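First the structure, in the form of C-alpha cells, and then the observations on it.
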Amino acid sequence: MTDQPLADRTAPELFTWEFATDPYPAYAWLREHAPVHRTELPSGVEAWLVTRYADAKQALADQRLSKNPAHHDEPAHAKGKTGIPGERKAELMTHLLNIDPPDHTRLRRLVSKAFTPRRVAEFAPRVQELTDHLIDQFAAKGSADLIHDFAFPLPIYAICDLLGVPGEDQDDFRDWAGMMIRHGGGPRGGVARSVKKMRGYLLELIHRKRESLPADPVPGEDLISGLIRASDHGEHLTENEAAAMAFILLFAGFETTVNLIGNGTYALLTHPDQRTRLQGSLTAGETGLLETGIEELLRYDGPVELATWRFATQPLTIGGQDIAPGDPVLVVLAAADRDPARFADPDTLDLSRRDNQHLGYGHGIHYCLGAPLARLEGQTALATLLTRLPDLRLAVDSADLRWRGGLIMRGLRTLPVEFTPTS
C-alpha cells in the first residue's frame, strides 16, 4: 500500500512525445485534480508544476520565489540541469532570467533605456522588409517549410539588426541559434558549444564597439551600443554583464518569436473560420482583429509553455500546497491560460476575445522585456503571410507534424505548407 494521494497515483504521464503533441488534456487534469503537482522532469530534477491561473499569477509575482539557481537545493552534480544549457560554463549567468532585486532592478533599468517601445516602433519598417524578403525567397515555389524558411530566420535577423551584429556575421548567429533551438532533441554538449561561441563573439563585438563608440548617441544606434552607453547614476554595465544581457535578449527574443509565428500560423490553418475572419479584416485595411488575434494566439497555444525556473527561498504555500525552501517551481503558462476559472470557453480560439489578460509573456517584475518586439514581428509575419499567400494551406496531415520536446518552449519542428505560386 502507499500513502500517496489518489490524484498523484493516477496523474497523466508528462513529457512524452504524445504529451508534447497535445499537452492540454493533461494540463486540464492537473488543474482539476493536482493543481500544484510535484513531478520528476526528464533531466531527473524534481519540481512543482503550478497549473491554475490564480496560483500561477501569484507565483510569478512572489518574490519568495527566486530566479537565482544558487537557491536550488539539488546536490552539486545536478547543477546545470536547470536554465539554458551551457550558460553556466560560458559564464553567461548574470542576466535578467537568473537574478533577483536589487541587481535585477538595476540591470533591467539599464537595459530598458536601450530597449524602449519607441525603438521597437522605429524598427517596424525593417521587420516588414525582412518579412517580405523571406517570403520572396519561396513565394514562386508554391511550397515551403514555414519554420525553416520563415519563422526561424525572421527573428534571428531582426534581433541581430537590433543588437548591431554586422551583416557578414549574422549567418554565424543563425547557425548557433539553430543548434540552441534544437536543444530538446539534439546533443546538450552541442548546445553548450554554441553558447560558448556566442559568448566569445559577443565579448569581442562589445569590446570593438566600446573602442569606437562616439561621445554622443547617433540616430538609430544599435542595442549593444546602447547597452555600453547606458548607465544608472554613473554605473555602467561591465562587458560580462553586457554580453550576458545581449545573449539573453537574443535567446529569449528569437525562440519565442519562432514559436509565436509557427504556432500562430498552424492555429489559423486549422481554424479556417478564424483565419477567414482575419483575412477579411486585413483586406479591409483594419488592424483591430490582428491586434486582439495575436493576444489570443499567445493565450491559446503560446510559444512559452512553462515559465523559467524559480526556487523557493523560504517555506510558502501555493494553491494549498506547502513548498519547502530550495524546491524548484515551474509555472505552467500553457495550463494557466486555458483555465476555465479565468477564461470563458478556454479551448476555443476566438481572435476577437477582449478579456484576455493571458500570462504568455509572464507577470510581475520578470515580465518579458522583449514582448513589444515579439508582438510587432508576430503581427507583421502573420498579416503578410495571409495577404501575400491567401490560399496558404497545410501540406501534410496534422498528425504528421512533430513538436520540439523541450521543457520551457513549445513549438513545431517543421510546418510544411502549400499555396498558389506568386511572382
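Computed from a prediction, not measured in an experiment: that's the story for all the values here. Atoms considered below: every heavy atom in the structure, side chains included; atoms not considered: hydrogens, waters and symmetry mates.
Atom-to-atom distance recorded for W176:CH2 and Y201:OH is 7.0 Å, nearest 0.5 angstrom.
Across all their heavy atoms, E377 and A158 have their closest contact at OE2-CB, 3.1 Å. Across all their heavy atoms, L412 and G262 have their closest contact at CD1-O, 4.1 Å. The two atoms that bring A139 and F419 nearest to each other are O-CE1, 3.3 Å, heavy atoms only. The two residues P166 and R208 come nearest to each other via the heavy atoms CG-NH2, 4.3 Å. Looking at every heavy atom in both residues, P346 comes nearest to R299 through O-NH1, 2.8 Å. Counting all heavy atoms, side chain and backbone alike, A34 lies closest to T51 at O-OG1, 4.4 Å.
Side-chain contact between L415 and L394 is present, with at least one heavy-atom pair separated by less than 4.5 Å. Side-chain contact between L269 and R393 is absent, with no heavy-atom pair separated by less than 4.5 Å. Between F311 and L65 the shortest side-chain heavy-atom distance does not fall below 4.5 Å. No side-chain heavy atom of T292 sits under 4.5 Å from any side-chain heavy atom of N356. Between D301 and Y24 there is a side-chain heavy-atom pair separated by less than 4.5 Å. A 4.5 Å side-chain heavy-atom check between L49 and V36 finds every atom pair outside the cut-off.
Taking 4.0 Å as the cut-off between side-chain N and carboxylate O, K197 and D175 do not count as a salt-bridged pair. A salt bridge does not link R375 with E291: none of the charged nitrogens is closer than 4.0 Å to a carboxylate oxygen.
Looking at R402 and T21, their side chains never bring a donor and an acceptor atom within 3.5 Å of each other. Side-chain contact annotation: N263 with Y300, donor-acceptor N/O pair under 3.5 Å absent. E46 and T39 share no donor-acceptor pair across their side chains, judged by distance under 3.5 Å alone. Side-chain atoms of S352 and D350 form a donor-acceptor pair, as typed in the model, at a separation below 3.5 Å. Of the N and O atoms on the side chains of Y361 and T256, not one donor lies less than 3.5 Å from an acceptor on the other residue. For T414 and D145, the side-chain atoms include no donor-acceptor pair closer than 3.5 Å.
With a 6.0 Å cutoff to the six-membered ring centre and a 45° limit on the axis angle, R413 does not count as a cation-pi contact of W403. Judged by the 6.0 Å and 45° rule, R353 forms no cation-pi pair with F343.
The environment of CD in Q357 is sparse: at most 12 heavy-atom neighbours from other residues, nucleotides or ligands sit within 6.0 Å. Residue-environment remark: CD (E13) stays at or below the threshold of 12 foreign heavy atoms within 6.0 Å. More than 12 heavy atoms of other residues, nucleotides or ligands shown are found within 6.0 angstrom of NZ on K209.
The main-chain N or O of R31 is found under 3.5 Å from a side-chain atom of R52 such that the two form a donor-acceptor pair. Not a single donor-acceptor pair under 3.5 Å links the side chain of D337 to the backbone N or O of H358.
With L163 as reference, L223 is the one residue of L223, D222, L205 to meet the side chain to side chain contact (heavy atoms under 4.5 Å, CB included) rule.
Ring geometry, F15 versus F19: the interplanar angle exceeds 60°, so the pair is classed perpendicular (tilted spans 30 to 60°).
The six-membered or imidazole ring of Y27 lies away from that of H37, with a centre-to-centre distance of 6.0 Å or more.
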Between H148 and F138, is the ring pair (Phe, Tyr, Trp, His ring centres under 6.0 Å) condition met? List the steps. CA-CA 11 Å; H148 181 270; F138 58 77; over 10 Å; no
